[in-house]
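Down below is the structure, laid out as structure tokens.
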Amino acid sequence: MNKQLEKMKQNQEYERRKRIAEEKHKEWVQKKREEERRERKRKLSKEMVEKVTRELEKMQLQEKADIKYKEWLKKKRAEEAEKKKKEKEKEKEREAELQEKRTRSEKIFKEWLQNSRNKPQLALNGYGCPHGKSTGLY
């Protein structure tokens, strides 16, 4: 009877220890899963923060690039406008010079025409003798 009682106590003790070990194992597994879940959550949030940061930096770079492009385009257009303005001024100067040249030419032509009417014409001495002089051939 003592042996049976002792055996029963040992069995009960074994079962109790087994239950405690299983509970501890379940707690450990649960803690481990919770820890892994928290770690995944932390990694995910970290990745999201990095992604948002990268997107923000990308947007800032794009904005800077847009601003620089707009400044460059504005500068280029101003240069082109200045160039066109200078070309127009040069064209006006050329036109003015041409007009002045035409006016001078017309004035000189009129003077020449006036003077040529008043000049006496040279009498030619015959054929083959320009201006009355012999050319050396008879």
Side-chain angles (χ1 to χ4, degrees):
M1 191 101 171
N2 262 349
K3 278 186 179 183
Q4 269 188 337
L5 196 58
E6 181 99 11
K7 204 168 191 176
M8 268 179 84
K9 280 185 182 181
Q10 281 180 353
N11 268 348
Q12 283 177 352
E13 184 66 24
Y14 174 76
E15 289 294 323
R16 188 180 65 80
R17 284 185 179 174
K18 191 176 176 183
R19 242 187 4 257
I20 291 172
E22 283 177 0
E23 285 176 10
K24 283 186 178 182
H25 182 260
K26 281 182 183 179
E27 284 178 16
W28 179 83
V29 168
Q30 192 176 1
K31 278 184 183 178
K32 195 70 171 168
R33 284 183 183 158
E34 186 69 27
E35 194 177 295
E36 285 175 354
R37 189 179 60 80
R38 271 189 261 129
E39 185 66 25
R40 277 196 306 263
K41 210 174 191 181
R42 189 183 59 77
K43 275 186 179 179
L44 189 64
S45 67
K46 186 178 177 182
E47 286 176 4
M48 290 297 286
V49 167
E50 287 176 356
K51 187 177 179 182
V52 168
T53 306
R54 281 195 304 269
E55 287 293 321
L56 188 62
E57 287 175 358
K58 191 176 179 182
M59 285 174 53
Q60 287 174 344
L61 283 173
Q62 186 65 36
E63 285 177 12
K64 283 182 182 178
D66 286 344
I67 289 170
K68 283 189 177 184
Y69 173 73
K70 285 177 183 176
E71 287 175 0
W72 175 83
L73 192 62
K74 188 177 179 182
K75 184 179 174 184
K76 201 69 173 171
R77 285 182 178 161
E79 286 175 2
E80 285 179 13
E82 187 67 29
K83 191 176 178 183
K84 283 182 181 180
K85 188 177 177 183
K86 285 182 180 179
E87 284 179 9
K88 281 185 180 181
E89 287 176 5
K90 282 185 180 180
E91 188 64 32
K92 282 183 182 179
E93 286 177 13
R94 264 190 246 124
E95 285 293 324
E97 286 176 10
L98 278 173
Q99 188 63 34
E100 188 179 322
K101 219 175 188 180
R102 275 193 209 113
T103 308
R104 260 190 288 135
S105 297
E106 286 178 14
K107 184 180 173 187
I108 290 172
F109 176 73
K110 285 179 182 176
E111 285 176 9
W112 175 81
L113 195 61
Q114 198 70 23
N115 290 339
S116 70
R117 286 183 186 157
N118 295 339
K119 275 187 182 177
Q121 290 190 353
L122 297 172
L124 298 178
N125 242 355
Y127 299 104
C129 299
H131 306 294
K133 294 181 183 174
S134 164
T135 57
L137 297 174
Y138 297 100

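Since we're looking at a predicted model, the values are computed, not measured.
- Through chains of ILVMFWY side-chain contacts below 4.5 Å, L73 is grouped with Y69, W72.
- In this structure, Q10 CD and K7 NZ are separated by 8.5 Å, a value rounded to the nearest 0.5 Å.
- Partners of E91 under the side-chain contact (heavy atoms from CB on, under 4.5 Å) rule, at least two apart in sequence or in another chain, are R94, E95.
- Taking the side chain to side chain donor-acceptor pair (under 3.5 Å) definition, one finds that R33 meets it with nothing, sequence neighbours left out.
- In this structure E89 satisfies the side chain to side chain donor-acceptor pair (under 3.5 Å) test with no other residue, sequence neighbours excluded.
- In the hydrophobic clustering, where aliphatic and aromatic side chains (Ile, Leu, Val, Met, Phe, Trp, Tyr) are joined below 4.5 Å either directly or transitively, V29 groups with W28.
- Among residues two or more places apart in sequence or in another chain, the salt bridge (charged side-chain N to carboxylate O under 4.0 Å, His left out) test is passed with R37 by E34.
- Its side chain within the 4.5 Å cluster rule, F109 clusters with W112, L113 among the Ile, Leu, Val, Met, Phe, Trp and Tyr residues.
- If you take CZ on R38 and NZ on K31, they are separated by 10.0 Å, rounding to the nearest 0.5 Å.
- For E39, the side chain to side chain donor-acceptor pair (under 3.5 Å) partners are R42, not counting sequence neighbours.
- Checked against side-chain contact (heavy atoms from CB on, under 4.5 Å), T53 has the following partners two or more places apart in sequence or in another chain: V49, E57.
- Sorted by first and then second residue, the salt bridge (charged side-chain N to carboxylate O under 4.0 Å, His left out) pairs involving residues 63-86 (not counting sequence neighbours) form an empty list.
- With sequence neighbours excluded, the residues that form a side chain to side chain donor-acceptor pair (under 3.5 Å) with E13 are R16, R17.
- In this structure, CE in M48 is found 6.0 Å from NZ in K51, a value given to the nearest 0.5 Å.
- Atom CZ in R104 sits 9.0 Å away from atom CD in E97 (nearest 0.5 Å).
- Cluster partners of V52 are absent, since no Ile, Leu, Val, Met, Phe, Trp or Tyr has side-chain heavy atoms less than 4.5 Å from it.
- With rounding to the nearest 0.5 Å, the separation of CD in Q62 from CD1 in I67 is 11.0 Å.
- S116 OG to Q114 CD: the interatomic distance, rounded to the nearest 0.5 Å, is 8.0 Å.
- Annotation for E6: atom CD does not count as buried by contact number, only 12 or fewer foreign heavy atoms lying within 6.0 Å.
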